[in-house]
Every structure is written in C-alpha cells, then in structure tokens.
Undergrad: 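What follows is a single structure, and I will ask about it in a moment.
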Amino acid sequence: MALTVAVAIMLTILGAAIEGYNCKVVQFILGDSLSDVGNNNYLSRGIARASLPWYGIDFGDGLPNGRFSNGRTVADIIGDKIGVPRPPAFLDPSLNEDVILEKGVNFASGGGGILNETGGLFIQRFSLYKQIELFQGTRELIQAKVGKNASDKFFQESLYVVALGSNDFINNYLMPVYADSWTYTEDGFISYLMDTLQAQLTLLHNLGARKLMLFGLGPVGCIPLQRFLSSSGACQEKTNKLALSFNQAARKLANQLSSSLPNTEIKFGDAYDVVNDMISNPEKYGFSNSDSPCCSLGKIRPALTCIPASRLCKDRSKYVFWDEYHPSDKANELIANEMVKKLGFKPINETDAASPSSASAPPSDED
C-alpha cells in the first residue's frame with residue numbers, strides 16, 4: 001500500500017498555444033497504488049492489480065478501473081476541484097500525442113517505489129526510475145509532434161507530482177525477504193532513499209521539470225495490514241517513526257533542491273497529521289471504523305486484496321480504509337480537501353472538471 005498521499009495537479013499553461021495546439025492545464029503523475037488509474041491492469045505478469053470486483057464499485061459504472069479503491073483517488077479529487085482533466089494511464093491503448101496535450105499522463109503503478117528493488121514480489125510494476133524513463137519517451141513523442149521549442153515550453157511550464165515511498169518500507173525494508181532489510185540501518189536506509197530520490201528529481205529537472213510537488217507519507221504503521229501483523233492490533237510505531245523520518249528528510253531535500261537546481265521550485269506536501277487524526281479520532285470525521293478494511297473475507301485476515309468473494313461493509317462512507325492497504329473514497333476526499341487547503345490550490349480550468357456524477361461518493365447500505 002501506499003499511505004502515501006499520493007496527489008496529482010496542474011500544468012500551468014493557461015491559454016497558451018503550441019503551434020496550433022490549444023494547451024490546457026493537464027497533469028503528469030508519478031506515483032504508486034494511491035495514484036494508479038490502470039497501468040498495473042495492463043501488466044500481464046503483475047500481481048498487484050485492481051482488476052476484480054469490488055474495486056471501483058463507487059466510481060462511474062461501478063466496474064474495476066485500475067484504481068485501488070472503491071472510488072476516487074486523491075489525485076482525481078484534487079484535479080476535479082481545480083478543474084483539471086483526469087489523465088489516462090500511460091498504458092491505456094487510447095493514449096496518443098493529442099491525448100497527452102489534452103489530458104497529460106498518469107505513470108503511477110501499484111507496488112512501485114523509489115527504489116528499483118521495491119515491490120519485487122509483485123513481479124511487474126513501474127519503479128520511479130521506470131516512470132521517469134516512460135516520461136522521457138513521452139517527452140520525445142511531444143517534441144516530434146510540436147517541435148523542440150514548443151515542447152520545451154510545454155514541459156518547463158508543467159507541474160510534476162512525485163508521490164511514492166510507502167512501498168519502500170512495507171514492501172521492501174520491513175520484509176526480511178528483501179536484502180535491504182538486513183543491509184541498512186534505519187538511518188542508512190533513509191539516506192539511501194534520499195540519495196536515490198535526489199538523483200531522480202534531478203533527472204526530472206534535466207528533462208524539463210521546473211515546478212514539482214513531492215508528497216510525504218502518512219502513518220503507514222496504522223494501515224489494517226500493519227495492525228494485523230502487530231501482536232496487539234495497534235499501530236506499529238516503528239513503521240510510523242520511519243514514515244516521519246522519511247518526511248523530515250524529504251522536506252529537507254525539497255528545500256535543498258529548490259535552492260540548488262536552476263529555476264526550480266519543489267513543494268513538499270505532508271498529510272501525515274490529518275490522516276493520523278482521522279485514524280485516532282474517526283468519529284470527528286464521520287467514520288465509525290478506522291482499523292479494519294471495508295472489503296474483506298470476514299474473519300479471514302489478512303485479505304491482501306479485494307475479490308468477488310469478499311464481503312463489503314454496510315456503509316463504505318463510514319470506513320477509513322477500503323482494503324488492507326488503501327483508503328476509502330471518503331477518506332481520500334478528506335485528504336484531498338486538506339491538501340487543497342494547505343497547499344493553496346486554486347481553480348484553474350473549471351469547465352474541464354469531471355462532473356460529480358462520474359466520481360460520486362460511495363452510497364451507504366451495501367452488504
């Protein structure tokens with residue numbers, strides 16, 4: 001999972017024209033399962049997929065669409081609020097240059113991490129390095145379409161979102177089957193992550209990124225799976241401390257690169273506190289359950305994924321978590337609202353926002 005509050009945003013190219021192409025505000029998303037909108041469903045050998053019911057039950061036609069939730073991602077909700085079209089998955093067969101100029105691209109992949117080795121047990125997934133490689137190819141496609149000068153302008157005026165990190169802990173460092181778990185101390189692993197992330201953000205800069213948003217981790221130790229694996233059923237404080245250490249180091253890195261990379265601004269988005277409060281005080285936010293998944297196999301735990309045989313909670317809007325790893329649509333909405341407020345997002349292209357009916361909140365009373 002990735003309690004990472006994985007969010008997508010706008011490309012500030014209002015009203016600009018690229019050699020006859022009317023460029024809208026679009027999104028480029030690099031992330032993990034909190035932002036994946038279908039890439040993993042096209043990975044034939046991958047096992048981290050949201051391709052079966054009841055994923056997507058509260059989104060559009062209610063069929064699985066690649067989102068690891070019952071409804072919308074945080075990126076969907078923020079994009080809707082600021083009037084930005086939802087970008088298709090990179091592996092969506094309909095993707096072409098015109099679609100990229102119109103809607104952007106989502107490279108996010110469930111199970112992916114900052115490190116290439118992260119999520120190896122899922123067999124197929126896009127690490128952040130792989131997502132950057134795919135972005136480089138996308139950039140070359142657009143350059144061939146509109147020319148170098150126009151392409152440079154398009155990408156230099158874009159806002160990039162990088163939202164990964166949780167899998168580097170729960171699907172790597174905290175699992176003894178991965179060599180990183182016995183190779184590094186906790187501090188050494190954080191440094192390894194930051195060195196890698198610095199190189200990746202610098203690479204994005206070299207490819208034209210000038211305005212980036214780097215998002216931190218939530219209280220990963222409180223997701224249902226981590227609670228189940230603890231002896232008491234409580235949050236795993238070691239995991240949460242690692243998430244806080246990651247956030248502290250990532251914030252410092254964002255500030256450092258903002259100063260050292262020419263004409264670059266990197267903002268750091270931190271949703272740890274609001275998610276932690278949501279889990280600690282669920283009633284305050286309208287929830288009745290913050291420690292177990294809505295979609296499960298009843299008393300059979302852990303149910304690592306949601307499947308047709310799973311049973312759903314009676315009211316999905318009352319659960320913080322949809323499955324063992326991922327927040328529900330309602331929780332994602334609250335997280336998105338907090339991030340919009342904290343980071344000062346403003347509406348930019350309201351006429352292009354998705355209609356509320358295409359991303360409705362979950363109804364109650366589903367058995």
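FYI, side chains are in, hydrogens and waters are out, and symmetry mates aren't considered; it's all heavy atoms of this structure. Residue indices begin at 1 and follow the sequence shown.
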Undergrad: Indicate the atoms forming the closest heavy-atom contact of Ile335 with Met278, along with that distance.
TA: CG1-CE, 4.0 Å
Undergrad: Walk me through whether Lys330 and Glu333 qualify under salt bridge (charged side-chain N to carboxylate O under 4.0 Å, His left out).
TA: CA-CA 5 Å; Lys330 176 66 178 297; Glu333 183 173 41; over 6 Å; no
Undergrad: Looking only at heavy atoms, what is the nearest atom pair of Arg316 and Ile57, with distance?
TA: NE-CG2, 3.8 Å
Undergrad: Quick one, Met175 and Leu121 - any side-chain contact, counting heavy atoms below 4.5 Å?
TA: yes
Undergrad: Do Thr118 and Asp168 pair up side chain to side chain, a donor and an acceptor below 3.5 Å, judged on atom types alone?
TA: yes
Undergrad: How many angstroms lie between OG1 in Thr305 and OH in Tyr55, if you round to the nearest 0.5 Å?
TA: 3.0 Å
Undergrad: Quick one: do the Ser94 and Asp92 side chains pair a donor with an acceptor below 3.5 Å?
TA: yes
Undergrad: Does the side chain of Phe155 come within less than 4.5 Å of Leu207's, by heavy atoms?
TA: no
Undergrad: Nearest 0.5 angstrom please: Leu212 CG to Ile266 CD1, how far?
TA: 5.0 Å
Undergrad: Are the charged groups of Lys341 and Glu338 less than 4.0 angstrom apart, N to O?
TA: yes
Undergrad: Is the shortest heavy-atom distance from the side chain of Glu237 to the side chain of Cys235 under 4.5 Å?
TA: yes
Undergrad: Hey, any chance Leu242 and Leu225 share a hydrophobic cluster, counting ILVMFWY side chains that come within less than 4.5 Å of each other, even indirectly?
TA: yes
Undergrad: If we only count heavy atoms from C-beta on, is the Thr196 to Tyr129 side-chain gap below 4.5 Å?
TA: yes
Undergrad: Any non-hydrogen side-chain atom of Arg210 less than 4.5 Å from a side-chain atom of His205?
TA: yes
Undergrad: So, taking the atom named CD1 in Ile82 and the one named CZ in Phe345, what distance separates them when rounded to the nearest 0.5 Å?
TA: 6.5 Å
Undergrad: Is there a donor-acceptor pair closer than 3.5 Å between any side-chain N or O of Asn167 and the backbone N or O of Gly113?
TA: no
Undergrad: Ignoring hydrogens, what is the shortest heavy-atom contact between Ser328 and Asn70? Give both atom names and the distance.
TA: CA-OD1, 3.5 Å
Undergrad: Would Leu257 and Tyr160 show up in the same hydrophobic cluster when neighbours are defined by side-chain heavy atoms closer than 4.5 Å?
TA: yes
Undergrad: State whether the side chain of Asn247 and the backbone N or O of Leu217 hold a donor-acceptor pair below 3.5 Å, judged by distance alone.
TA: yes
Undergrad: Would you sort out whether Asp152 and Arg139 count as a salt bridge (charged side-chain N to carboxylate O under 4.0 Å, His left out), showing the intermediate values?
TA: CA-CA 9 Å; Asp152 287 348; Arg139 192 179 189 283; 2.9 Å; yes
Undergrad: How about Cys313 and Cys295, are their SG atoms within less than 2.5 Å of each other?
TA: no
Undergrad: Only one of Asp80, Asn106, Thr73 passes side chain to side chain donor-acceptor pair (under 3.5 Å) with Arg86; say which it is.
TA: Asp80
Undergrad: So, taking the atom named CG in Leu261 and the one named CG in Leu201, what distance separates them when rounded to the nearest 0.5 Å?
TA: 8.5 Å
Undergrad: Is Ser288 close to Pro282 at the side-chain level, that is, under 4.5 Å between some pair of heavy atoms?
TA: no
Undergrad: Any heavy-atom pair between the side chains of Phe28 and Ile100 that's under 4.5 Å?
TA: yes
Undergrad: In terms of hydrophobic clusters joined by side-chain contacts under 4.5 Å, are Ile132 and Leu214 together?
TA: yes
Undergrad: What is the minimum heavy-atom distance between Pro53 and Pro64, and which atoms define it?
TA: N-CG, 3.5 Å
Undergrad: Using the rule side-chain contact (heavy atoms from CB on, under 4.5 Å), only one of Leu174, Leu193, Asn172 pairs with Asp180; which is it?
TA: Asn172
Undergrad: List in chain and number order the residues that pass side-chain contact (heavy atoms from CB on, under 4.5 Å) with Asn255, two or more places apart in sequence or in another chain; answer none if no residue qualifies.
TA: Arg251
Undergrad: Hydrophobic cluster membership, with links at side-chain heavy-atom distances under 4.5 Å among I/L/V/M/F/W/Y: are Val37 and Phe90 in one?
TA: no
Undergrad: Between Val220 and Phe169, is any pair of side-chain heavy atoms under 4.5 Å apart?
TA: no
Undergrad: Assigning hydrophobic clusters by single linkage (Ile, Leu, Val, Met, Phe, Trp, Tyr; side-chain heavy-atom cutoff under 4.5 Å), is Val26 placed with Ile77?
TA: no
Undergrad: If only atom types and distance count, is the side chain of Asn39 paired as donor or acceptor with the main-chain N or O of Ser109 below 3.5 Å?
TA: no
Undergrad: First locate atom NZ of Lys81, then atom CE of Met339, and finally report the distance between them rounded to the nearest 0.5 Å.
TA: 13.5 Å
Undergrad: Just checking Lys342: does its NZ atom have more than 12 heavy atoms from other residues, nucleotides or ligands closer to it than 6.0 angstrom?
TA: yes
Undergrad: Could you give the distance from CG (Leu101) to NZ (Lys145), rounded to the nearest 0.5 Å?
TA: 7.5 Å
Undergrad: Under a 3.5 Å cutoff, is there a donor and acceptor pairing between the side chains of Ser69 and Asp329?
TA: no
Undergrad: Is the backbone of Pro293 close enough, under 3.5 Å, to the side chain of Glu324 for a donor and an acceptor to pair up by distance?
TA: no
Undergrad: Taking everything shown except Gln198 itself, do over 12 heavy atoms lie less than 6.0 Å from its CD?
TA: yes
Undergrad: Here's a test for you: under ring-ring contact (aromatic ring centres under 6.0 Å, His included), which of Phe321, Tyr319, Phe68 qualifies with His326?
TA: Phe68
